[in-house]
> 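Dropping the structure in here first, questions after.
Not measured: the values here are computed from a predicted model. Below, read A as the first sequence line, B as the second, and so on, with proteins coming before strands; counting in each chain starts at 1.
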Amino acid sequence: MAIEKMVPLMLGGIRDTMYMTVVSTLFAYLLGFPLAILLVLTAPKGLRPHALVYRVLDAVVNIFRSIPFLILMILVIPLTRLIAGKAYGSTATIVPLVIAAAPYVARMIESSLLEVDPGVIEAAQSMGASIPAIILKVIIPEAKTSLIVGATISSGTILGYSAMSGAIGGGGLGQIAISYGYNRYQTDVLLVTVVLLVILMQIIQAIGMYISRKTDKRIRE
Amino acid sequence: MPLIELKHLTKTFKGKTQTVEALRDINLEINQGDIYGIIGMSGAGKSTLVRCINFLERPTSGSVIIDGKDLSTLSQKELRQLRQQVSMIFQHFNLLQQRDVRGNIAFAMEIAGKKKAEIDRRIDELLEIVGLTDRQHNYPSQLSGGQQQRVAIARALATNPKIILCDEATSALDPTTTTSILNLLREINRTLGITIVIITHEMSVVESICSHVAIIDDGALAEVGTVEQVFSQPKSKAAKKLIFRKAGADTGVMGDRMIRIVFEGTASNEPYIASLILECHVSVNIMYADTRDVGGKTFGQMILQLPEDHLQQDKIIYYLRNKGLRVEEVSSDGH
């Protein structure tokens with residue numbers, strides 16, 4: 001493909017991919033964060049153990065995580081139509097992306113929150129801290145570094161999902177790779193999208209790691 | 001009225017396959033201003049006991065009464081308010097790793113709903129008390145164990161508590177640091193009148209700082225009293241085991257006549273054995289000795305092998321009794 005056609009195509013692809021990744025990650029966190037906090041609180045050794053709530057949430061998360069993304073996308077097409085008005089394009093892809101990513105994000109956050117030293121939580125309880133105070137002032141701030149690392153990994157995974165969505169009508173670099181590179185045998189386009197996806201992933205990873213290192217107070221100077 | 005009262009306290013942990021009786025019928029009274037040691041071997045139930053005092057563990061039965069309030073009758077909110085009066089420090093300090101020294105001390109006051117200006121002023125006072133003013137902007141990972149425990153103590157003092165519970169607070173520290181932390185706790189007890197409960201497995205901690213001691217063994221209290229009482233005349237097997245830890249060992253006592261001298265708080269600067277030898281012109285063989293110095297007084301026992309001569313033997317016993325020491329005959333097996 002000629003360079004003057006390739007550049008605008010790729011710029012559009014990058015824009016759509018970033019749009020899907022960023023918006024989906026945001027929504028996945030909006031759903032996943034409360035879910036993770038509920039899981040941590042109601043767990044058998046949590047601050048408010050509740051067997052029923054814990055088991056139901058745990059099962060729901062596991063079920064959604066075990067459905068392959070491509071199949072999930074097809075399964076939720078009716079819901080996608082309902083929310084986005086159509087089943088193809090970047091905006092529509094956000095719906096299945098969020099549904100697939102939220103349980104994944106919830107597990108990432110859950111494991112970060114569980115890393116917090118139980119002794120510090122006990123100390124807060126011994127001072128008379130309420131459960132909201134323990135969550136907001138102890139668990140989340142203490143887990144901050146791990147949460148940022150988790151967010152980096154999660155948005156990388158969502159970037160990968162968004163590219164996959166190109167197979168059945170999603171937008172962005174994934175769609176370009178499939179419609180030009182696979183359907184029309186334009187290997188140069190395929191290679192450029194792959195290189196761009198690798199660069200995007202590197203950028204996300206570098207930014208995430210930089211922030212997490214910068215904010216961690218456990219490292220001696 | 002005691003400040004802390006435990007009545008018929010029991011705690012049972014139910015596992016899937018077995019139930020464990022962690023505490024059995026604990027009765028204890030701790031008065032305002034006491035430094036109360038609770039000592040026991042690991043697994044005796046000390047940690048569970050101290051967590052029952054502030055209801056971090058809810059007792060299975062029995063009551064905990066603090067300052068006249070029965071904790072089981074309090075609502076969650078009232079319990080949280082009471083906990084601001086009953087601070088706790090821990091073996092592993094349990095500081096927030098992502099907050100600096102000031103932030104950690106502020107935390108206790110944020111929980112208590114104090115205003116920013118008041119918090120800042122109080123932190124300055126507390127840093128002065130624990131001697132960490134020059135470290136106030138450091139993070140826990142930049143501090144030594146002793147410094148971290150000082151931060152924890154400042155945090156514990158922040159809400160002006162009546163009681164501080166110490167759960168093995170010096171067990172992760174080296175001997176020198178232990179001494180300085182114990183001195184700080186004693187100072188806090190003296191100047192601020194705060195009652196301190198110390199959970200430990202180390203005799204030396206109880207000796208150097210406590211006024212009273214309770215010995216816990218297998219979930220039950222074996223012996224309770226002032227440190228002087230319990231250390232000079234331990235009655236229970238558990239107490240004897242802790243105090244004369246080596247007394248059961250073979251001391252190599254052979255034949256002849258032997259006596260046991262019991263020190264029950266005599267002045268530790270008087271050299272009894274040396275003056276016995278010098279003044280009576282006799283020789284004795286020290287077969288076994290286990291004495292310790294508690295605040296300038298000697299507690300413990302010593303077993304002496306006496307010379308053949310009966311006259312000399314009587315002279316020695318007379319001399320020691322005259323000095324106010326308890327002297328007992330010992331059979332050759334050491335009892």
Side-chain angles (χ1 to χ4, degrees), chain A residues 40-51 54-55 109 111-151 208-221, chain B residues 16 47 50-51 53-57 74 76-101 103-113 137-143 148 151-152 155-159 161 163-168 172:
Chain A
V40 170
L41 282 181
T42 58
K45 294 202 167 176
L47 291 168
R48 270 272 180 283
H50 194 296
Y54 180 75
R55 268 188 228 142
I109 298 171
S111 83
S112 294
L113 299 183
L114 289 176
E115 278 169 27
V116 175
D117 178 7
V120 181
I121 296 169
E122 189 183 36
Q125 284 180 299
S126 81
M127 287 175 229
S130 62
I131 287 179
I134 292 175
I135 292 170
L136 294 173
K137 283 179 178 286
V138 181
I139 298 182
I140 294 175
E142 287 292 295
K144 187 175 59 189
T145 306
S146 174
L147 286 170
I148 294 169
V149 174
M209 290 303 146
Y210 175 77
I211 299 173
S212 78
R213 239 194 323 267
K214 206 71 187 162
T215 55
D216 192 4
K217 307 298 185 198
R218 287 171 300 179
I219 299 161
R220 281 167 189 271
E221 276 137 36
Chain B
K16 278 208 173 103
S47 280
V50 76
R51 279 165 178 73
I53 297 178
N54 61 5
F55 259 45
L56 279 179
E57 292 278 7
L74 300 182
Q76 279 296 328
K77 199 181 165 204
E78 289 169 321
L79 189 60
R80 288 204 304 271
Q81 276 162 355
L82 179 121
R83 283 184 184 153
Q84 288 162 18
Q85 298 299 305
V86 187
S87 294
M88 194 165 178
I89 60 173
F90 302 86
Q91 179 173 4
H92 299 295
F93 328 124
N94 296 352
L95 299 177
L96 295 163
Q97 298 296 309
Q98 305 287 0
R99 286 195 185 207
D100 65 3
V101 169
N104 266 287
I105 302 171
F107 178 67
M109 290 182 274
E110 289 169 20
I111 297 298
H137 297 299
N138 283 138
Y139 287 87
S141 63
Q142 300 166 315
L143 301 175
Q148 290 191 57
V151 178
R155 179 174 74 175
L157 288 173
T159 49
I163 301 164
I164 295 183
L165 307 173
C166 308
D167 182 22
E168 296 278 10

> With rounding to the nearest 0.5 Å, note down the distance linking NZ in A:Lys137 to CD1 in B:Ile111.
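Nearest 0.5 Å value for the NZ-CD1 distance: 6.0 Å.
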> Checking heavy atoms, do the side chain of A:Ala129, its backbone, both or neither come under 4.5 Å from chain B?
both
> Is the shortest side-chain N to carboxylate O distance from B:Arg51 to A:Glu122 below 4.0 Å?
yes
> Any donor-acceptor pair under 3.5 Å linking the side chain of B:Gln97 with the backbone of A:Lys217?
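A pair under 3.5 Å: no.
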> Side-chain contact test, heavy atoms from C-beta onward, threshold under 4.5 Å: evaluate it for B:Tyr139 versus A:Arg218 and give yes or no.
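With C-beta onward as the side chain, the pair stays apart.
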> If I compare all heavy atoms of B:Arg80 with all of A:Gly128, which pair ends up nearest, and what's the gap?
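Scanning both residues, the minimum pair turns out to be CD-O, 3.2 Å.
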> Whether the side chain of B:Gln98 engages the backbone of A:Asp216 through a donor-acceptor N/O pair (distance < 3.5 Å, no angle test) should be reported.
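Here the side-chain-to-backbone pair does not exist.
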> Where the side chain of B:Asn94 meets the backbone of A:Gly119, is there a donor-acceptor pair that is under 3.5 Å apart?
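Yes, because the side chain of B:Asn94 sits within donor-acceptor range (under 3.5 Å) of the backbone of A:Gly119.
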> Select one option (side chain, backbone, both, neither) describing which atoms of A:Ser130 are under 4.5 Å from chain B's heavy atoms.
both
> What part of B:Leu96 is in contact with chain A, defined as an atom under 4.5 angstrom from a non-hydrogen atom: side chain, backbone, both or neither?
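Contact with chain A is through both the backbone and side chain of B:Leu96.
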> Only pairs of heavy atoms separated by less than 4.5 Å count here; which of B:Met88, B:Arg155, B:Gln85 has the most with chain A?
B:Arg155
> Grab the two heavy atoms, one from B:Leu95 and one from A:Val120, that are nearest each other, plus how far apart they are.
O-CG2, 3.6 Å
